[in-house]
Amino acid sequence: MVTVTMTVNGRQVSKEVEDRRLLVDFLREDLELTGTHVGCDTSQCGACVVHLDGKAIKSCTILAAQADGTSITTIEGLANGAELHPLQAAFKEHHGLQCGYCTPGMIMSGVDIIRRHEGQLDEDTVRHELEGNICRCTGYHNIVKAILAAAQEMHGEVRQAAE
Amino acid sequence: MAQDGIGARVARKEDKRFITGKGRYVDDMRVAGMKHVAFVRSPYAHAKVGGIDTEQARNMPGVLAVLTGSELVADGIGNLICGWMVHSKDGTPMNMGAWPALAPDVVRFVGQAVAMVIAETRGEARDAADVVAVEWEELPTITDPAKALTDGAPQLHPEAKGNLIYDWEIGDKAAADKALSEAAHVTRMEIVNNRLVPNAMEPRAALAQYDAADDHFTLWTTSQNPHVARLVLSAFYNVAPEHKLRVIAPDVGGGFGSKIFIYPEEVACLWAARKTGLAVKWTGDRSEAFLTDAHGRDHVTVAEMAFDANNRITAFKVDTIANFGAYMSLFSSSVPTYLYATLLSGQYDIPTIHCNVRGVYTNTAPVDAYRGAGRPEATYVVERMMETAARELGVAPPELRRTNFIREFPHQTPVIMNYDAGDYEASLSAALSASDYAGFGERKAEAARRGKLRGIGLSCYIEACGIAPSQAVGSLGAGVGLWESAEVRVNPVGTIEVLTGSHSHGQGHETTFAQLVAERLGVPIDNVSIVHGDTDKVQFGMGTYGSRSGAVGMSAISKAIDKVEAKAKKLAAHLLEAAEGDIEIADGEVRVAGTDKKLGWHEVCLAAYTAHNLPEGMEPGLKEGSFYDPANFTFPAGAYVCEVEVDPDTGHTEIIQFVAADDFGRVINPMIVEGQVHGGIAQGVGQAILEGCVYDPESGQLITASYNDYAMPRAHDLPSFKVSTTETICPSNPIGMKGCGEAGAIGTPPAVINAITDAIDNNDLAMPATPEKVWRALRAGATPMRQAAE
């Protein structure tokens, strides 16, 4: 057993867990943050993507103990109170989800893609960089649209703020 | 019309919980005292099960119980059933082997469960499952269905001699043979429809709870039809009485057919909950899903199509071997028969059709309905044949189709179906125009200058949806009627709850169903809530599959609304002292037509419940139900065009353009319909170029048992799609809907393969058209088909 301490969605948590506890199981089982999903056992599907110190990672690929001392953001922590994150809003607006199971991972990956490219995105780049996330419902068509739309909106906001 | 009524692109009401991580899937559920289950699964494709030593497992940390198949059988738990009886052409019933939820004596596919461990945590359960010691005695295996039919092949079930489940036929063989012998031209092909794993992103899960004080069971499960689950679990498997079993299918992360069926794990968990008195949860991982979810497709077919001198089809003869895997799953028998052979007329006026199907057992996972269920298999045969025939006859593929289109409706095919409405020319024209089919030659030449091989392929599909008229499916062997139920409960303040027996697992029912109510009663959709997926709330239902939720489920809601309207009008007429026939309901008001006399919708609703002033004999309240049984199947149809570029150096196929023009009848929410088509196309592209289930022919091991080995379509495998709809109203249901859920998966595979074979000028190519297969086909030289034509 090992004690892990981290900040999750802005709140500090400390728990004793089995050495083998994966971060995704820590989030789902110990913290009851069930928005992060498990869709495979080979780190291929991306349903479990969260942000660790601001970067997208697959939470099934690291142990909870490895995340000790870090800051984690899950889908539950993305919205600003009642105000949806622009990418959450874009997923709804552009019908970027159907069954909703891959959606949290898609959104967390999408936010990371937009951040890394500072909004300068095209369809090809989005499709290429979504290779770590599988969706079986949407054919990706509307997910790509949603990410491009949010990138435009967020980039615009960033520019306004800078002026 | 209500602003958010029929035809509006309303954003989905259900999205907020999914995009904020508040969805509630079965694995998210926890109940007090809940324990965890892991199954002990066979590492062999075919083996006798000897002794099972559970002692070491029982002594592992956290372990509470280890249960085996012999205990399950001793407790009288029934075998899993197939709910659709098919008779062979000699009149004998199908030969079905026994399928216990935990195998006590023989396993017949890799991954079949023989025991279960219950422990405090999931990890502890899995650790203990690993040390359950089973004495296996390996038996010879067979995975190829054609070889399974040969003398000397390993035998799976004593009930099915020669591994033959049934030898079934439909149509007129003698007439087809005669037409073939007299034909001006015959196109003949051998066509394989590759086995697929449905791969809903949420793995299957079951949480079972038994309350001894009330003698009551609750099962949360990843199901597309919770009521049928309850019926089967109680009536056939004896795990719980129907009136004491509540089945809840909460948010379900995709189904695509694979979650229609009742699986061994659900049976075993319910049984274990009562036997141990513990609430138990099992959540499958992806490897278990690959091994044990019902797979789809897996046909081997020889087809012959006869043409006269005017290129009109005179007969179509099809011989199919269908691989059922090791056991017969709930719907499996119907898929390659009534859902397949009855669609072999396609969009074409074919005077004579004969189809023979042999269903075969092999040491592979059970095969059942997967998105389209028989219709994709039929369309693949028909549309590969049409494209090939066009090439052989030297006719443009659209022209050969046009020559043979059905143009008058209703149209009775030689294989049962009566097409009620359609305009196949409209879809084809729309698709050809959107894809600039006419300009293809120029694009091909341009691609050639870049060293790429460009090809274009067409597919004109039809499907039979909205399953189904109960009398019709009953005559075909179905064990249930396929109506749908609905209840419309209007509250005293005028808000409305709609209870439906269909189930949403991504299709957006909470929005589209509310749009229908909004349209009919003139209330905002936010005043409507849709209740589904819980047998304690909804009286009965048949679930969601076969694109039946709109055509059948919404029709049931429409019928219930008819009754609500009639009662509200009668009450309003009484209150307003007007004639009942003059009352109209619109825009949230109940008015006397042509006057300024009116009441708010909410005032009429309140009057129904205060009941101070009701017409003579009227019961208080405003709540009505309906059981709607459709008059016919619905027949969505469309035309798809795929354009590809093949890299001759690598064999890699890039889909440059994909156009779909569908006729779904009336569309409630175009945004949601387009989304359904997108998803279907992606699955169709997956089948055509990426996905394929591979079993080792010697050992029966599943080679493609993870996402490392089974290629799922990813974002960069696909283009953005061009989709559109044309509309012929379905005359056989009150809404005019046909259904849209399966179209993409049906129409896409032949369009893609027709495009690749066009690009590489070799027709001898099987799905999935991986770069290696395409590369080899390119090097195999000219196609026999073209040589024959020259």
Side-chain angles (χ1 to χ4, degrees), chain A residues 18 20-21 25 28-29 32-45 47 74-79 84-85 87-89 91-105 107 123-124 126-145, chain B residues 9 11-12 14-25 27-28 30 121-123 198-203 251-256 283 285-287 289 505-508 671-672 674-683 685 706-708 712-721 723 744:
Chain A
E18 274 189 291
R20 66 177 173 179
R21 195 71 152 162
D25 293 329
R28 286 183 55 81
E29 305 287 333
E32 297 186 36
L33 291 169
T34 54
T36 302
H37 294 152
V38 179
C40 72
D41 39 26
T42 50
S43 291
Q44 295 278 323
C45 82
T74 71
I75 188 72
E76 289 94 339
L78 196 59
L84 293 174
H85 183 280
L87 187 56
Q88 288 174 312
F91 263 64
K92 181 175 164 102
E93 172 77 11
H94 295 280
H95 190 34
L97 65 150
Q98 289 180 28
C99 80
Y101 197 79
C102 76
T103 306
I107 290 176
E123 181 181 334
D124 233 27
V126 173
R127 286 185 180 277
H128 182 70
E129 299 211 355
L130 273 181
E131 70 178 349
N133 292 69
I134 300 175
C135 171
R136 193 57 154 169
C137 293
T138 64
Y140 306 98
H141 183 109
N142 288 339
I143 290 175
V144 173
K145 262 170 73 177
Chain B
R9 304 176 76 90
R12 298 199 317 174
E14 49 266 77
D15 282 354
K16 189 169 180 190
R17 66 178 184 272
F18 297 129
I19 58 180
T20 56
K22 301 294 184 194
R24 292 284 276 165
Y25 302 89
D27 189 50
D28 301 337
R30 49 175 71 194
T121 70
R122 195 175 295 176
N199 270 311
M201 291 315 299
E202 179 205 25
D251 286 332
V252 171
F256 315 113
T283 301
D285 61 26
R286 185 56 55 184
S287 299
H505 29 282
Q507 296 91 341
M671 181 190 79
I672 288 176
E674 288 163 11
Q676 290 287 307
V677 176
H678 297 159
I681 295 171
Q683 291 184 6
V685 169
S706 79
Y707 287 148
N708 292 327
M712 288 281 279
R714 292 171 190 267
H716 62 221
D717 294 314
L718 300 161
S720 286
F721 315 112
V723 304

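Here is how names work: the chains are called A, B, and so on, in the same order as the sequence lines, proteins then strands, and each is numbered from 1. A quick note: this is a predicted structure, and the numbers were derived from the prediction, not measured.
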If one checks every heavy atom of B:M201 against chain A at 4.5 Å, the contacting part turns out to be both
Given B:G255, B:G680, B:A289, B:S287, the one with more heavy-atom pairs under 4.5 angstrom with chain A than any other is B:S287
Fill in: Heavy-atom side-chain proximity of A:Q44 to B:N708 below 4.5 angstrom
yes
NE2 of A:H95 to CD1 of B:I672, rounded to nearest 0.5 Å, is 5.5 Å
Cut-off 4.5 Å, heavy atoms of chain B, and the answer for A:E123 is side chain
The reported gap from CD in A:E93 to CD1 in B:I19 (rounded to nearest 0.5 angstrom) is 11.0 Å
| task | For the pair B:D717 and A:R127, find out whether any cationic side-chain nitrogen is under 4.0 Å from an anionic carboxylate oxygen. | result | no
Whatever's closer than 4.5 Å to a heavy atom in chain B on A:L97 counts as both
Under 4.5 Å to a heavy atom of chain A? For B:Q676 that would be both
Exercise. Are A:D25 and B:R122 close enough for a salt bridge, meaning some N to O gap below 4.0 Å?
Worked result: no
So CD of A:E129 and NE2 of B:H716: to nearest 0.5 Å the spacing works out to 12.0 Å
Interface check, chain B: of A:A47, A:G100, A:P104, A:G35, most non-hydrogen pairs under 4.5 Å belong to A:G100
So, the part of A:L87 with a heavy atom under 4.5 Å from chain B: the answer is neither
In terms of heavy-atom pairs under 4.5 Å with chain B, the winner among A:G39, A:C137, A:C45 is A:G39
dist A:S43:OG -> B:Y707:OH (nearest 0.5 Å) comes out at 13.0 Å
If one checks every heavy atom of B:T20 against chain A at 4.5 Å, the contacting part turns out to be both
Closest non-hydrogen contact found for A:G139 with B:F721 is O-CE1, 3.7 Å
Ranked by heavy-atom pairs below 4.5 Å to chain B, first place among A:R28, A:E76, A:E18, A:H128 goes to A:R28
Whatever's closer than 4.5 Å to a heavy atom in chain A on B:R30 counts as side chain
Ranking B:K16, B:R286, B:M712, B:H505 by heavy-atom pairs under 4.5 Å to chain A gives rank one to B:R286
For B:S706 and A:T42, the nearest pair of non-hydrogen atoms, with its separation, is CB-CG2, 3.9 Å
Counting heavy-atom pairs under 4.5 Å with chain A, the top scorer among B:A200, B:G23, B:P719, B:A11 is B:P719
Heaviest contributor of heavy-atom pairs below 4.5 Å to chain A, chosen from B:D285, B:T283, B:L718, B:D28, is B:D28
Taken to the nearest 0.5 Å, the spacing of B:E202 CD from A:C102 SG works out to 12.0 Å
Taking every heavy atom of A:C99 against every heavy atom of B:G254, the minimum-distance pair comes out as CB-N, 3.3 Å
Whatever's closer than 4.5 Å to a heavy atom in chain B on A:Y140 counts as side chain
Applying a strict 4.5 Å limit to non-hydrogen atoms, the region of B:V252 in contact with chain A is backbone
Original post:
Relative to the ring of B:Y25, is the ring of A:H37 parallel (under 30°), tilted (30 to 60°) or perpendicular (over 60°)?
Top reply: perpendicular
* Indicate yes or no for a side-chain donor-acceptor contact from A:R136 to the backbone of B:P198 under 3.5 Å, with no hydrogens or angles considered. => yes
Okay, A:V126 and chain B: the region with an atom under 4.5 Å from a heavy atom over there is neither
Honestly, the part of A:R20 sitting under 4.5 Å from a heavy atom of chain B is side chain
Highest number of heavy-atom pairs under 4.5 Å with chain A among B:G744, B:A682, B:G679 belongs to B:G679
The side-chain contact (heavy atoms from CB on, under 4.5 Å) partner of B:H678 among A:N142, A:T138, A:I143 is A:N142
Bottom line for B:I681: the part with an atom under 4.5 Å from chain A's heavy atoms is neither
